[in-house]
Enquirer: 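Next up is a structure, given as structure tokens.
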Amino acid sequence: MASRADSPGGASGVPPYRYTAALANDIERRWQDHWESADTFAVTNPGPDHPAPAGEKFYLMDMFPYPSGAGLHVGHPLGFIGTDVLGRFLRMSGRTVLHTMGFDAFGLPAEQYAVQTGTHPRTTTEANIARYRAQIRQLGLAHDQHRSVSTTDVDFYRWTQWIFLRIHGSWYDTEIGRARPITELEDELEKGIRGLPDGRDWSALSRPEQDRVLDDHRLAYLADAPVNWCPALGTVLSNEEVTADGRSERGNFPVFRRNLRQWMMRITAYADRLADDLDGVDWPDSVKTMQRNWIGRSQGAQVRFAVSGQDAQRSGAGPSTPPIEVFTTRPDTLFGATYLVLAPEHPLVDALTADAWPSPLTGEELDGRWTGGAASPTEAVAAYRRAVAQRSELERQEARDKTGVFTGAWATNPVNGEPLPVFVADYVLMGYGTGAIMAVPGQDQRDWDFATVFGLPIRRTVAPPEGFEGSGGQAYVGAGPAINSANDEISLDGLEVDAAKTAIVAWLAGKGTGEPVVQYKLRDWLFSRQRYWGEPFPVAYAADGETDGGPSIPRALPDGDLPVLLPDVEDYAPKSFAPDDRDSSPESPLARATDWVAFAEDLPSDPERGFAEYVRETNTMPQWAGSCWYYLRYLDPHNSERFVDPDVERYWLGPRAPGDPGGVDLYVGGVEHAVLHLLYSRFWHKVLFDLGYVTSSEPFRRLFNQGYVQAWAYTDARGVYVPAEEVVEDAASATGFTWNGEPVRQEYGKMGKSLRNVVTPDEMCEAYGADTFRLYEMSTGPMEASRPWSTRDVVGSHRFLQRVWRLVIDEETGELRVSDAEPDRDTLVALHRSIDGVRSDLPAMHYNTAVAKLIELANHLTKTYPAGGTPRAVVEPLVLLLSPLCPHVAEELWSRLGHPDTLAYEPFPEPDPSLLVEDSVEYPIQVNGKVRSRITVPAAAGEDDVRGAALGDPKVVELLAGAEPRKVIVVPGRLVNIVR
RNA sequence: GCCCCUGUAGACCAAUCGGCAGAGUCGAUGGAUUCAAAAUCCAUACAGUGUGGGUUCGAAUCCCACCGGGGGCACCA
């Protein structure tokens, strides 16, 4: 392990001008100061005073970090360094590169620290940001410092609130498939161009009624929705903040599903575009697939089953009971439906449930499995619903045995008039489709399982392949011709699945009992939290309620009221409750800032009221809000008039050609944001696009997921983690490793405090310098790969930089060692091969192979010029080639070589094509696929010459022993294979 | 359970279109240097590509099955 004691440069006897950690640190500080004072990496937006630069623009971005109190470990900067290397390369290739870094700084950790200590979250956040900035600065990243923003800056969240008002102020016009200002809807309703869905007359509605109609269309709206309520934390949580076993990710407290009035974002309006537009972006297929799965679009049909049957009069279903609407992706199997199932929470359950058990169709006793042993359906359903409500999410997921109960009601299959019993069962989810299904046990395994438990009939409607039935009882979900599917009017028999679907949906539509329908798994986005450290909503409610006594209508504050500042409060904690107090209600910390909450104003969004008393919305926005648009603010961070100037947006993000979505040229970050952040920001961007505020239809043209730096961790005999840096390799130990002489077991995992394996960039910079650290991170593998951290390997990167240094600088005198001699041809060939390789590796982010090529070149030079006098004509390109990876040492050498200016804008070396072609080529000669000999022929030799030379080779002649080869394959430039 | 990615020297990784398994790093071994150690430098060895089939003149690479590792989804009708 490297420690200060054995770090290079710390001991005596080291040549005075060797590239040691101490020297590296000195060089690095000087160049970092220089870049900052010279503003080397600032880019100016084109505008009236600044014409667009000649170089083609490139907008390069990292996913911005949350500045946690723990600071960075060596895993965090992997992506930052990778983008920096690319940015520096592109800059030297003549591109105009925009690259900066901001902070995603609202969020729970700072707030919880505030709750514990009373420190204002802003204080903690600013201290953490300062620490991050220092850690990032010492890595020498070529960022434009003037463009850095934090989501907690008032000048930033003011525009987050402004965008919220735009979303709140618009609706989705499904006819033209885009968002429009809500004022246009109001106008159309007023003029009668558009009618109300329920047929009411707009002008007959009271003003509050009209406002509620408009609110029902807004893209940001209040709704009573089932949300995850965590009494112990005192806040609602998003689905992703709840663990698989139904507890809070933070604190592991119980979470309850409760209907609460919360802010929602109508992301579902964009489901189709969010799915379809993935085709136009250059993203990893895995991320596209994850987004498509999350959106979960499926084509199917809605089918209506009339509630009736021979016992209709005895069931609870009166003549007015509406039909049961069912969603299915397999309408072709309708003839195989043998029962219906409703989710326990389905609104029709009460109306359907009969007072007494009907007699079964056959006249026999009703199956005991159907009744749950209850005296009546009412009792059975009530008991079942109670049992389901008691089950935790975990139990519901793990226990996949099918349970349910008969409602006593019957429905009619529209294709054949068969009566179908209606069940309630929790394997049907209220949250998807219509919350009701037609069960086809022959073609669906879940239905098969349920039918088996409850003794329900099973009828196949798709012919399974030969031998399928022999494999035991199960549903057949594959393709095949339809069977048993005909009535007097239509026959599906013999049709393949797709054709059968089309035919039956057309038939249903003709009968008015069904139609094609598209379903999504995507839900609207729960957008409010009962937290302090977030953006306040720019919204208020009439202090004395609505004039009609209905639910309060949220009133948008005018843009002129922005920013709505977070008030200071005494206590940052939301009101919390006993962990299992499921009936408690959230109360935001902002509610206690009574002076802030109450105000009086003449709100343009509430013209009827005039100057009146209002109370502010006391929820705050979720942490995702700022990250939805920060890439837009980087473009124009100091604009006080707009969130981004339209011309600036067009320059950096606009489409380049018809059909191009536009967006950030490269966005690099971890795959953990594959769905949420990337889906939410795409949604916001599309709203802004629809409203004409941006010209790009997607925020991120190209996405790249970098791998993770992981780390070894070690546990002792008790399974307790021991400090990884103190573990030594020990072949004598059964586990291969010991700690204090005790054998310890190695595991592989995330770097973190709990595994006691954290290594910080600060330690590495101190022990080796930032350039060594950068080089090591880039050389351990391709950007997309995860790899283990190994401190003891870092020295290899350091040795390489020492060798490069030694090529240029005399370690004893500090003088230049380069000469003006002409390099020999071998050296020129080596140089230009390296240039060629590095030029193709860097833009592909294959940094590990680029590093290998540089090492190869340096090794060649060390061997060729052992006594010094390395030709300047080779050294200078080498320094330039190295500079994107190790910018400080490269700048230092460049300067010592006599160049007064930074190399950040020096043209990147270009290869001389004439030096890349070989004079002669060595061909391996295979006989039957095995290498038996080698020949060297001129590079210009034709295929016939090569064949002739190969067949004339003495070893080949010997092996052939006079026999005529059956086949001779010549791969030009590669090899010759002779088949005997 | 379903889907995606991935298995190459002791470790991390290379290997254009299917064409000589090795670019590079660590470690190991030997040597130079040193009073000695560290640091530095030089040299050497080490796998036939997870397993089993197939296609091919030729497979790490393509196909099939299985095994191991990582990730996503999970009663979504």
Side-chain angles (χ1 to χ4, degrees), chain A residues 5-15 18 20 244 284-287 289-290 293-294 296 298 300 326-330 333 341 396-397 399-400 402 425-429 431-440 443-447 449-450 519-521 671-672 674-675 708 710 712 729 731 736 748 775-776 779-782 784-797 799-800 802-803 806 811 837 840 846 848-856 859 862-863 866 922-931 934 965-969 971 973-980:
Chain A
D6 62 12
S7 69
S12 60
V14 170
R18 173 165 289 176
T20 59
D285 284 339
S286 59
V287 175
T289 305
M290 282 163 74
N293 288 344
W294 189 265
S298 56
V326 149
F327 173 71
T328 176
T329 55
R330 293 296 303 276
T333 64
V341 186
R396 193 169 166 157
Q397 276 177 26
R400 296 229 167 166
K402 296 291 179 285
D426 70 348
Y427 83 94
V428 173
L429 309 174
Y432 185 75
T434 60
I437 61 152
M438 64 176 212
V440 187
Q443 263 70 235
D444 183 287
Q445 193 57 45
R446 293 156 299 178
D447 297 342
D449 294 341
F450 189 88
Q519 277 293 338
Y520 305 89
K521 285 194 231 174
V671 74
E672 71 270 19
V675 174
Y708 298 105
Q710 298 195 283
W712 302 113
E729 219 168 315
Y748 187 54
L775 187 69
Y776 170 72
S779 63
T780 46
E784 61 271 26
S786 291
R787 68 298 291 269
W789 176 264
S790 174
T791 298
R792 85 178 177 186
D793 292 1
V794 179
V795 67
S797 300
R799 284 180 194 146
F800 165 65
Q802 287 185 327
R803 263 177 286 162
R806 205 178 294 123
E811 289 189 332
S840 60
H846 294 166
N848 53 330
T849 52
V851 172
K853 280 158 193 157
L854 292 174
I855 293 174
E856 226 176 326
N859 289 348
T862 308
K863 248 176 229 156
E922 188 189 64
Y923 279 84
I925 312 296
Q926 294 183 340
V927 176
N928 289 347
K930 286 192 173 162
V931 180
R934 288 167 193 285
R966 261 199 283 167
K967 200 169 178 183
V968 178
I969 294 136
V971 185
R974 290 282 177 192
L975 55 49
V976 180
N977 190 12
I978 297 164
V979 187
R980 279 179 61 189

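Labels below follow one simple rule: chain letters A, B, ... track the order of the sequence lines, proteins then strands, and each chain is numbered from 1.
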Enquirer: Using OP1 and OP2 only, check whether a side-chain N or O of A:R803 sits under 4.0 Å from B:C41.
Expert: yes
Enquirer: Report each atom pair, protein N/O against N/O of nucleotides 2-4 of chain B, whose distance is under 3.5 angstrom.
Expert:
none

Enquirer: Could you walk me through whether A:W789 and A:T780 pass the side-chain contact (heavy atoms from CB on, under 4.5 Å) test, one step at a time?
Expert: CA-CA 9 Å; A:W789 176 264; A:T780 46; over 6 Å; no
Enquirer: With a cut-off of less than 4.0 Å, is there a side-chain N or O of A:R806 near OP1 or OP2 of B:U40?
Expert: no
Enquirer: Looking at A:K853, does any N or O in its side chain come under 4.0 Å of the phosphate oxygens OP1/OP2 on B:A23?
Expert: no
Enquirer: Could you tell me whether the side chain of A:R966 has a donor or acceptor atom within less than 3.5 Å of a complementary atom in the base of B:C57?
Expert: no
Enquirer: Take A:D447 and A:Y427, measure what side-chain contact (heavy atoms from CB on, under 4.5 Å) needs, and give me the verdict at the end.
Expert: CA-CA 9 Å; A:D447 297 342; A:Y427 83 94; 2.7 Å; yes
Enquirer: Shorter than 3.5 Å, N or O on both sides, protein versus nucleotides 5-11 of chain B: list them out with atom names.
Expert:
none

Enquirer: Which dot-bracket string fits RNA chain B when only Watson-Crick or G-U wobble pairs with both atom distances under 3.5 Å count, crossing pairs get [ ], and | stands for a partner on a different strand?
Expert: (((((((..((((.....[..).))).(((((.......))))).....(((((..]....))))))))))))....
Enquirer: Any idea which of B:A23, B:C20, B:U40 is nearest the A:E856 side chain?
Expert: B:A23
Enquirer: Taking 4.0 Å as the cut-off, does a side-chain nitrogen or oxygen of A:R799 come that near to OP1 or OP2 on B:G27?
Expert: yes
Enquirer: Closest nucleotide of RNA chain B for A:N859 versus for A:A785: which of these residues is on the 5' side?
Expert: A:A785
